[in-house]
Amino acid sequence: MPYTLTTPLYYVNDRPHLGSTYTTLACDALARFQRLSNGSVVFITGVDEHGQKIQRTAEARQLSPQQHCDAISARYRDLWSRWGISQDRFVRTTDPRHLQLVDQFFARVQASGDVISGRQTGWYCVGCEEYKDDPAEAKDPSCPIHQKPLEWRDEENLFFRLSRYQAAIEELVARDDFIEPASRRQEVRNFVARGLRDFSISRVNVSWGLPVPGHNGHTFYVWFDALLGYLTALLDDGGPVDLERLAQSGWPASVHVIGKDILRFHAVFWPAMLMSAGLPLPKKVFGHGFLTREGQKMGKSLGNVLDPELLLERCGADAVRWYLLRDIQFGDDGDFQQQRFVDLVNNDLANTIGNLLNRTSSMARKWFEDAVPPHTEAVDTTHALAKAADTAVALVMDAMASLKFKSAAEAVLQLAIAANGHLNDTAPWSRMKQPGQEQEVGNDLYAVLEATRIVGLLLAPLLPDLSSRILEQLAHPLDATSWRSQLSWGGLSSGHALPTPSPVMQRLELEEPL
RNA sequence: GUCAGAGUAGCUCAGCUGGUUAGAGCACAGGAUUCAUAACCCUGAGGUCGGGAGUUCAAGUCUCCCCUCUGACACCA
């Protein structure tokens with residue numbers, strides 16, 4: 001049974017922003033961790049390409065919707081590849097296979113008696129593209145967001161009978177392992193407790209969408225279509241589009257990682273749709289927080305959006321991944337502060353970890369013939385650093401499995417700090433000046449190098465690039481099939497040649513603001 | 001408005017079921033050191049724990065009131 005995880009399918013209304021990059025980086029770290037520790041993983045990402053908003057954006061750009069989607073989707077794909085995202089599937093909802101899947105799914109939902117036609121009536125805001133819920137002033141209501149009058153609409157739509165799943169969904173969201181982080185459970189529970197209403201799954205006035213079988217002029221409402229993209233992605237393994245195959249293809253998902261804004265769709269509507277279609281439910285939905293910048297919401301109006309492409313070019317993937325994963329409690333909102341970004345990257349990666357490797361490798365080479373020093377039993381698993389490494393490994397395993405990237409990063413850092421401390425305590429540079437101390441110095445340097453190797457290995461899911469640079473300089477590369485055993489103390493071979501050290505992590509020097 | 005959550009060192013945050021002098025990281029100051037990417041290591045300063053009242057032998061931790069901020073309140077990805 002593979003570990004299946006998903007990012008949201010990003011809406012291609014606009015180019016990728018930092019928010020979607022953040023989600024994707026976090027998922028990538030999780031996917032890499034699961035691959036290294038368990039093996040089989042299906043990491044899904046992709047794009048959601050239908051809907052009126054996209055249609056209009058395309059029109060404004062004087063492109064066909066398909067051309068627009070092709071362009072933006074390519075941009076996502078390209079950006080993910082430059083960030084080194086390790087997704088197994090990249091699904092597009094304009095893929096013909098997706099249409100097949102949606103039709104199959106819809107047929108099942110229909111067979112369950114969960115599709116009814118009804119009237120969607122109410123006050124509609126064109127700007128929001130949504131019906132407003134019973135505006136207080138009955139006669140001339142206006143949209144509180146757009147300050148424009150609402151239009152009265154009355155149209156025939158298909159509805160999904162969500163109300164039939166009231167009890168089942170209540171039970172689902174009451175569980176403590178389904179919605180994470182815990183801080184977001186209550187609002188979903190409250191929402192469900194207020195009573196679930198049927199929701200419309202088709203539109204009659206949107207041409208850029210998938211046609212609803214048997215209902216001319218209807219297209220599927222984007223949400224119905226988009227969530228199903230997860231299933232399409234799973235079946236995109238070379239085999240036919242057939243819902244029956246899902247169980248062998250990695251469904252149900254182990255976790256859907258999403259932004260907190262779409263938690264409800266994933267924790268309430270989506271499970272009900274799956275129940276209706278007779279499919280198992282995802283095991284977990286994790287709604288992470290949003291990023292602000294220097295305390296302010298990022299937005300076009302403020303002109304303070306942080307462009308992921310720029311960030312990548314100027315700072316590199318390691319730096320950004322580290323900052324986002326190490327400084328923000330995954331689940332909470334986070335604030336991107338340039339000064340702190342630079343401080344943390346330089347302190348943690350360049351100074352604490354990078355310099356640790358650099359100084360230790362230099363000493364080893366200088367006094368032990370360019371190689372890993374010999375060692376005695378004094379450096380077995382009872383050594384203080386061996387214990388520290390053990391602790392770090394255990395903490396990282398536990399933290400990564402539960403998406404606590406910050407805790408994982410801190411555990412790795414602790415090990416590097418302990419190793420630096422050990423060097424300062426034992427001061428090999430001064431002992432080498434005394435006669436007869438080679439053996440002790442060899443042991444100390446071996447222990448520190450070994451701790452550094454484990455630091456490098458532990459960083460593999462979080463910062464794959466830096467990790468491989470570290471391991472390369474220790475001449476003990478990652479073996480992706482035996483990560484866990486490589487993590488045991490003592491894996492470093494004495495006498496193994498060490499290459500000339502050069503800094504594995506450059507300090508960030510940002511002259512001008514990002 | 002209703003509901004939920006949050007207000008703890010300059011900044012970002014830990015502080016579980018109430019119990020010795022309130023913690024960490026960054027920033028700041030001082031010291032030590034020279035193997036190293038002016039890096040590393042040690043020490044220090046810095047908080048009336050939003051405000052007020054109450055319960056208790058004892059409250060950042062419980063109760064009430066007030067102030068401020070954030071989020072949710074159905075079909076915006």
Side-chain angles (χ1 to χ4, degrees), chain A residues 8-14 19-20 47-54 93 120 122 125 127-134 136 145 157 159-160 162 183-201 203 221-224 226-227 258-265 268-269 289-290 292 295 326-329 332-335 337 339-344 346-367 406 410 413 416-417 419-425 427-432 441 445 448 501-507:
Chain A
L9 302 188
Y10 302 113
Y11 203 56
V12 296
N13 189 44
D14 205 350
S20 35
V47 286
D48 172 19
E49 306 181 283
H50 292 299
Q52 191 163 41
K53 198 171 275 184
I54 285 172
T93 59
Q120 176 92 317
C125 171
C128 299
E129 287 186 37
E130 73 182 34
Y131 285 91
K132 294 297 173 182
D133 197 25
D134 249 1
I145 301 164
N157 279 334
F159 281 74
F160 173 72
L162 179 64
S183 56
R184 287 188 222 294
R185 281 178 202 144
Q186 199 51 44
E187 71 185 44
V188 177
R189 288 173 185 166
N190 290 344
F191 171 79
V192 175
R194 278 193 292 270
L196 296 175
R197 307 206 292 253
D198 299 342
F199 65 94
S200 65
I201 56 171
R203 291 288 125 103
Y221 177 55
V222 277
W223 263 115
F224 190 81
L227 291 162
I258 53 170
K260 62 182 182 180
D261 55 331
I262 54 177
L263 182 56
R264 180 183 310 152
F265 290 94
V268 179
F269 297 176
F290 283 162
T292 51
R326 122 103 223 224
D327 201 37
I328 300 166
Q329 190 73 54
D332 291 356
D333 288 342
D335 190 35
Q337 296 177 316
Q339 187 60 54
R340 185 163 173 80
F341 170 48
V342 172
D343 285 341
L344 284 187
N346 290 349
N347 283 327
D348 299 344
L349 300 184
N351 299 348
T352 301
I353 293 175
N355 184 50
L356 169 68
L357 171 61
N358 200 252
R359 68 194 298 212
T360 316
S361 175
S362 294
M363 286 187 275
R365 283 172 49 88
K366 189 179 295 185
W367 303 317
K406 181 176 184 177
E410 282 171 345
L413 207 51
I417 288 170
N420 271 317
H422 187 73
L423 282 182
N424 283 66
D425 292 344
W429 50 90
S430 44
R431 298 178 86 180
M432 273 314 279
V441 171
L445 292 182
V448 174
S502 78
V504 287
M505 188 70 200
Q506 286 305 326
R507 298 170 61 83

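Lettering of chains follows the sequences in order, A, B, ..., and the numbering in each one begins at 1.
Between G71(B) and Arg184(A), no contact under 4.0 Å exists linking OP1 or OP2 to a side-chain N or O. An OP1 or OP2 oxygen of A74(B) is reached within less than 4.0 angstrom by no side-chain nitrogen or oxygen of Tyr221(A). For Arg264(A), a side-chain nitrogen or oxygen approaches OP1 or OP2 of C73(B) to under 4.0 Å.
Summarising the geometry, the separation between CZ on Phe290(A) and C1' on G71(B) is reported as 10 Å, rounded to the nearest angstrom. For the pair Arg203(A) CZ and C76(B) C1', the computed distance is 11 Å after rounding to whole Å. To the nearest angstrom, C1' of U37(B) lies 12 Å from CG of Leu356(A). The CG-P distance, from Asn420(A) to A36(B), rounds to 14 Å in whole Å. The interatomic distance linking Leu344(A) (CG) with C13(B) (C1') rounds to 12 Å, in whole Å. Protein atom CZ of Phe159(A) is 11 Å distant from nucleotide atom P of C75(B), rounded to whole Å. One atom, CZ of Phe191(A), and another, C1' of A72(B), lie 10 Å apart when rounded to the nearest Å. Atom pair Phe269(A):CZ and C76(B):C1' shows a separation of 12 Å (rounding to whole Å applied).
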Step by step, would you call Tyr221(A) with Asn157(A) a side chain to side chain contact (heavy atoms under 4.5 Å, CB included)?
CA-CA 10 Å; Tyr221(A) 177 55; Asn157(A) 279 334; over 6 Å; no

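To the nearest 0.5 angstrom, Leu357(A) atom CG is 13.5 Å from Met505(A) atom CE.
For the C1' atoms, the distance from G51(B) to A6(B) is 16 Å, rounded to whole Å. Rounded to whole Å, the separation between the C1' atoms of A53(B) and C16(B) comes to 27 Å. Taking atom P on both C13(B) and G31(B), the two are 33 Å apart, rounded to the nearest angstrom. Separation of the C1' atoms belonging to C41(B) and U33(B) is 8 Å when rounded to the nearest angstrom. Comparing A77(B) with U68(B), their P atoms sit 34 Å apart, to the nearest whole Å. Comparing the same atom, P, in U48(B) and in A36(B) gives a spacing of 45 Å after rounding to whole Å. Taking the C1' atom of each, G60(B) and G18(B) are spaced 10 Å apart, rounded to whole Å. Rounded to whole Å, the separation between the P atoms of U61(B) and U55(B) comes to 15 Å.
Under the rule for a side-chain hydrogen bond (donor to acceptor under 3.5 Å, both in side chains), the partners of Asn420(A) that lie at least two apart in sequence or sit in another chain are Arg359(A). For Thr352(A), there are no side-chain hydrogen bond (donor to acceptor under 3.5 Å, both in side chains) partners at least two apart in sequence or on another chain.
Between Asn424(A) and Trp429(A), the closest heavy-atom pair is CA-CH2, 4.1 Å. Heavy-atom minimum distance, Arg326(A) versus Lys406(A): O-CG, 3.1 Å. Here the closest heavy-atom approach between residue Gln52(A) and residue Tyr11(A) is recorded as N-OH, 4.4 Å.
Toward the 5′ end of RNA chain B lies the nearest nucleotide of Asp333(A), the other residue of the pair Ile353(A) and Asp333(A) mapping further downstream. Along RNA chain B, the nucleotide closest to Asn347(A) and the one closest to Gln506(A) are compared, and the more 5′ of them pairs with Asn347(A).
In this model, a side-chain donor or acceptor of Asn355(A) finds a partner on the base of A36(B) within 3.5 Å.
Using a 4.5 Å heavy-atom cutoff, the side chains of Ile353(A) and Leu413(A) are in contact. At a threshold of 4.5 Å between non-hydrogen side-chain atoms, the residues Leu356(A) and Leu423(A) count as touching. Side-chain contact between Asn351(A) and Arg507(A) is present, with heavy atoms from C-beta onward closer than 4.5 Å.
In RNA chain B, stems built from 3 or more consecutive Watson-Crick or G-U wobble pairs, each with both distances under 3.5 Å, span B:1-7 with B:67-73, B:10-13 with B:23-26, B:28-31 with B:41-44, B:50-54 with B:62-66.
In the set U37(B), A77(B), C26(B), A77(B) carries the atom at the smallest distance from any side-chain atom of Asp48(A).
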Taking only N/O atoms, report every protein-nucleotides 7-12 of chain B pair under 3.5 Å with atom names and distance.
none

Write down the protein N/O and nucleotide N/O pairs, taken from nucleotides 1-5 of chain B, whose separation is under 3.5 Å; answer none if there are no such pairs.
residue	atom	partner	partner atom	Å
C3(B)	O2'	Asn190(A)	ND2	3.3

Along nucleotides 29-35 of chain B, 5' to 3', which nucleotides get a B, which get an S, and which get a -, given that the test is a protein heavy-atom distance under 4.0 Å?
----SSB

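Ring-plane geometry between Phe191(A) and Phe269(A) is classed as tilted, the angle between the planes lying from 30 to 60 degrees on a 0 to 90 degree scale.
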